[in-house]
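Every number for a ligand or one of its atoms is a count from 1 in the order of the listing. This chain uses plain numbering: 1 for the first residue, then up along the sequence. Fair warning: this is a prediction, and the values are worked out from it, not measured in the lab.
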Amino acid sequence: MKKLLCPSIMNLDTENLKEEVLRLDKAGVDIFHLDLMDGDFVPNFGMSLAEMAVVRRHTNKLLDVHMMVKDPIRYIQLMADTGIDIIYIHPEADPQPALTLQRIKDLGKKAGVVINPGTSLESIRALYPLIDYLMLMTVNPGFCGQLFLPWLENKIEQAVKEREPWGFPIVIDGGVDKHIMSRLSAKGVEGYVLGRLILFDQEETDYTKLISWMRTI
Ligand code: DX5
Ligand code: ZN
């Protein structure tokens, strides 16, 4: 099964955004992961729309947006207009997540659900028929470079089982390193947000080498 390797663009130095996007594209990543924050749902600000537009201009690969914002339905059209392909919403931040997911699909985009460490699978089970991608946060969202929370492994295993009839990929966001990628891949997880530990803080700085190495993990 091919892994979905999704570099987290918020980790990049914005001074060199264009060059870094070109390097990642050439290295063979699958999906560019863009973090959007409102300073309310999470206590930080993520990427700007202008930065997202730079990414869109310099790659034809899929872009996802991880919307860490309250009432995300307000910004779905804007994300579609920015050229995003996969739109992830937090159901914790949305009084009507089923409506928002349907709106995403009606715009011809892929609908993603992303849940916090403290949110249960039970609480989103009713949404499974609407989900194209399920992302599980393995850190509390808002900041780059935090450590993977190991107590979430049971939930990840359970998600892999539960999604079987639906078939949507499972993506892990937060603190992924080579050991975690190896262990979770063996358990059937396909997608990984690539942050500091596995991509940006490596001694090796050649993205092509790093991405090919990850395909073997
Ligand atoms: C955390 C973000 C992540 C983060 C991943 O709030 O959603 O996408 O940038 O990077 P690492 O794995 O370095 O935390
Ligand atoms: Zn993210």
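Panel note: side chain Gln202, backbone Ile198; a donor-acceptor pair is recorded below 3.5 Å. No side-chain donor-acceptor contact under 3.5 Å links Asn116 to the backbone of Thr119. Checking side-chain atoms of Thr216 against main-chain N and O of Trp213 turns up a donor-acceptor pair under 3.5 Å. Judged purely by atom type and a 3.5 angstrom limit, Asp177 has no side-chain atom pairing as donor or acceptor with the backbone of Leu197. At distances below 3.5 Å, at least one donor-acceptor pair connects side-chain atoms of Gln146 with backbone N or O atoms of Asn140. With hydrogens and angles ignored, the 3.5 Å screen pairs a side-chain donor or acceptor of Lys155 with a backbone N or O of Pro117. Of the possible polar contacts, none joining the Asp30 side chain to the Cys6 backbone as a donor-acceptor pair under 3.5 Å is found. At least one donor-acceptor pair closer than 3.5 Å links the side chain of Thr138 to the backbone N or O of Asp173. A donor-acceptor pair under 3.5 Å is formed between the side chain of Lys61 and the backbone N or O of Val29.
Of all atoms in ligand 1, listed by their number and element, those nearer than 4.0 Å to a heavy atom of Val193 are 8 (O). Near His66, the atoms of ligand 1 lying under 4.0 angstrom from a non-hydrogen atom of the residue are 7 (O). For ligand 1, the atoms sitting less than 4.0 Å from at least one non-hydrogen atom of Asp173 are 2 (C), 3 (C), 4 (C), 5 (C), 7 (O), 8 (O), numbered in the order shown with element in parentheses. Listed by number with element, the atoms of ligand 1 under 4.0 angstrom from any heavy atom of Gly174 are 12 (O). Listed by atom number, the atoms of ligand 1 under 4.0 Å from Asp35 heavy atoms are 2 (C), 3 (C), 7 (O), 8 (O), 9 (O). Applying the 4.0 Å criterion to heavy atoms of Pro141 picks out, from ligand 1, the atoms 6 (O). Listed by atom number, the atoms of ligand 1 under 4.0 Å from His33 heavy atoms are 8 (O). Within ligand 1, the atoms closer than 4.0 Å to a non-hydrogen atom of Phe143 are 1 (C), 6 (O), numbered from 1 in the order shown.
Nearest non-hydrogen protein atom to atom 12 (O) of ligand 1 is Gly175 N, 2.9 Å. With respect to atom 13 (O) of ligand 1, the closest heavy atom belonging to the protein is Arg196 N, 2.8 Å. Summary of contacts: the protein heavy atom closest to atom 6 (O) of ligand 1 is Gly142 N, 2.7 Å. In terms of protein heavy-atom proximity, atom 9 (O) of ligand 1 is nearest to Ser8 OG, 2.8 Å. In this structure, the protein non-hydrogen atom closest to atom 11 (P) of ligand 1 is Gly145 N, 3.6 Å.
The atom of Asp35 that is an N, O or S and sits closest to the Zn ion (ligand 2) is OD1. Of all N, O or S atoms in His66, the one lying closest to the Zn ion (ligand 2) is ND1. Taking the N/O/S atoms of Asp173 in turn, the shortest distance to the Zn ion (ligand 2) belongs to OD2.
The shortest side-chain heavy-atom distance between Ile84 and Lys109 does not fall under the 4.5 Å cut-off.
By the 3.5 Å distance cut-off applied to N or O atoms, Asn140 is not counted among the residues near ligand 1.
The proximity of Gln146 to ligand 1, defined as any non-hydrogen pair under 4.0 Å, is limited to the backbone. Only side-chain heavy atoms of Asn11 come within less than 4.0 Å of ligand 1; its backbone N, CA, C and O stay farther off. Both the backbone and the side chain of Cys144 come within 4.0 Å of ligand 1, judged by heavy-atom distances. With a 4.0 Å heavy-atom cut-off, ligand 1 is reached by no atom of Phe200.
A donor and an acceptor atom, one from each side chain of Asp106 and Gln102, are located under 3.5 Å apart. Asp35 and His33 share a donor-acceptor pair across their side chains, judged by distance under 3.5 Å alone.
To the nearest 0.5 Å, atom CZ of residue Phe168 and atom CD1 of residue Ile170 are 6.0 Å apart.
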